[in-house]
Structures are given as C-alpha cells and as structure tokens.
Amino acid sequence: GAGVSQTPSNKVTEKGKYVELRCDPISGHTALYWYRQSLGQGPEFLIYFQGTGAADDSGLPNDRFFAVRPEGSVSTLKIQRTERGDSAVYLCASSLTGLSGAGYTFGSGTRLTVV
Amino acid sequence: AQKITQTQPGMFVQEKEAVTLDCTYDTSDPSYGLFWYKQPSSGEMIFLIYQGSYDQQNATEGRYSLNFQKARKSANLVISASQLGDSAMYFCAMRENNNAGNMLTFGGGTRLMVKP
C-alpha cells in the first residue's frame, strides 16, 4: 500500500482480555517499529523489527506484551491480560533501512481503551 | 535525564507570522539525527524535517527550518508564515546512530495554535 496501515483504528476491551493490533508497513520496508503514546505525551519506543526478527524489544513494558512479524512484512502486537494502564494510542512506523535521514513513515495508530 | 526536552507545552502564533518551537537534546553519541514531526488531531505523525549531527548547514524544507546549534545541543524548529493548518502537536525526536535499534526518542511535544 501507499502508507502504513494499522487496524483496528479503535479498540475497546475489558480489563483482563487479550488483544491483537495489526500493522501493515510500506512494501519493501525492512525496518518496523511499534510505539505507545499515552495521552498528552510523546510516543515511547516498544519494539523494533529488522526483517522477521525482533532486533530490539527493550521497550516492551512487561511480559504481557509480545509482537511478531513472521514473514517480514505485517506485524502484530499482542497484549495479554490487558490493564487499564495499557490504554493508549499504539503507533507503528516503518522505514527502508532504519538509518534513513528522511524519517520514518507512521501509521494513524490504534487507540486502545481498556475498561 | 531526559534525552529530548521540549519546554513549551503550548504556543500561540498569529497567522502569517513566524514561530520557533524549542528542542534541546542530550547524547554522548557523536553521530545522531534529529527529527521534527507534526501530529494533527487525526493522530498521524507527519515527518517535517531532518538534521544530521554532521551536517554543516541548517536543514530547510519549504516553510520549515531547523536552527541547529550543536554546542548548545538545541534543534529548534522555525515555521515561517504560519497558516491555520499548522495548528497541531509538534514533536522533536532523536536517533542515536550507535544504537543498533535505530529507534527514535521523542520529546513531550508542543501544541501550536495559530490564531486567525
């Protein structure tokens, strides 16, 4: 596609439930990033994929969070036993190599609300 | 210590005037990149401008310019001839090139409001 696509755009879930957030990057972009943006704050890094492998997952807050990118394109962020504190906008970004000076292309995000 | 600091939570500017959004950064990496993004109410992060740490000249992109003062570790964004559509959140971000992850670290943002 022309841009980074994230689905769903909005997700409301009950505390304790499992959710999956999907990111479809720009075709050919090998680097993919997940960020979390809480209300009134800047995005915070969660995990970085180079190809199929998670090259850096140091931003994942705890073991309830997991992400995969099995074929090196689409990525899924998975959150188990959701908590109200997980409510945020989850942003996905992709770039050609990860060292681009032109920046990273972001999706519009998934707004997750845990009630 | 905060790696990226944006000290202005909100700014007003009159339409057609210029405005400067402040950003200071902290890194010991000699090679890094600085970015500015615009986030309108729709939520998408829109890339505006990039400055590499070794670039000799300040970056410019249309109405956007980056006032890069390396010794002071500041990378302020200047928007000339403000337009109503410039009203949005603006984020400064840094990529430290010695970091294998190449991820961006963002500041807390500045909300710019353009008055007609």
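The chains referred to below are lettered A, B, ... by the order of the sequence lines, with proteins before strands, and numbering in each begins at 1.
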B:Leu48 portion near chain A, given a 4.5 angstrom heavy-atom threshold: neither

Does any heavy atom of chain A fall under 4.5 Å from the side chain of B:Gln39, the backbone, both, or neither of them? side chain

Option in A:Pro43, A:Gly109, A:Ser108, A:Gly42 with maximal non-hydrogen atom pairs under 4.5 Å from chain B: A:Pro43

For A:Lys15, does the NZ atom have more than 12 heavy-atom neighbours from other residues, nucleotides or ligands under 6.0 Å away? no

Residue [X] versus chain B: region with a heavy atom under 4.5 Å:
X: A:Phe49; result: neither
X: A:Leu91; result: side chain
X: A:Gln37; result: side chain

Give a yes or no on whether the backbone of B:Gly33 and the side-chain of B:Ser53 come within a donor-acceptor separation of less than 3.5 Å. no

Please confirm whether the backbone N or O of A:Leu60 pairs with a side-chain atom of A:Trp34, one donor and one acceptor, at under 3.5 Å? no

Evaluate the side chain to side chain contact (heavy atoms under 4.5 Å, CB included) criterion for residues B:Leu104 and B:Tyr37: first the C-alpha distance (whole Å), next the side-chain angles of each, then the deciding distance (0.1 Å), finally the verdict. CA-CA 11 Å; B:Leu104 297 176; B:Tyr37 282 85; 3.8 Å; yes

Which label fits B:Phe68 and B:Tyr25: parallel for a plane angle under 30°, tilted from 30 to 60°, or perpendicular past 60°? parallel

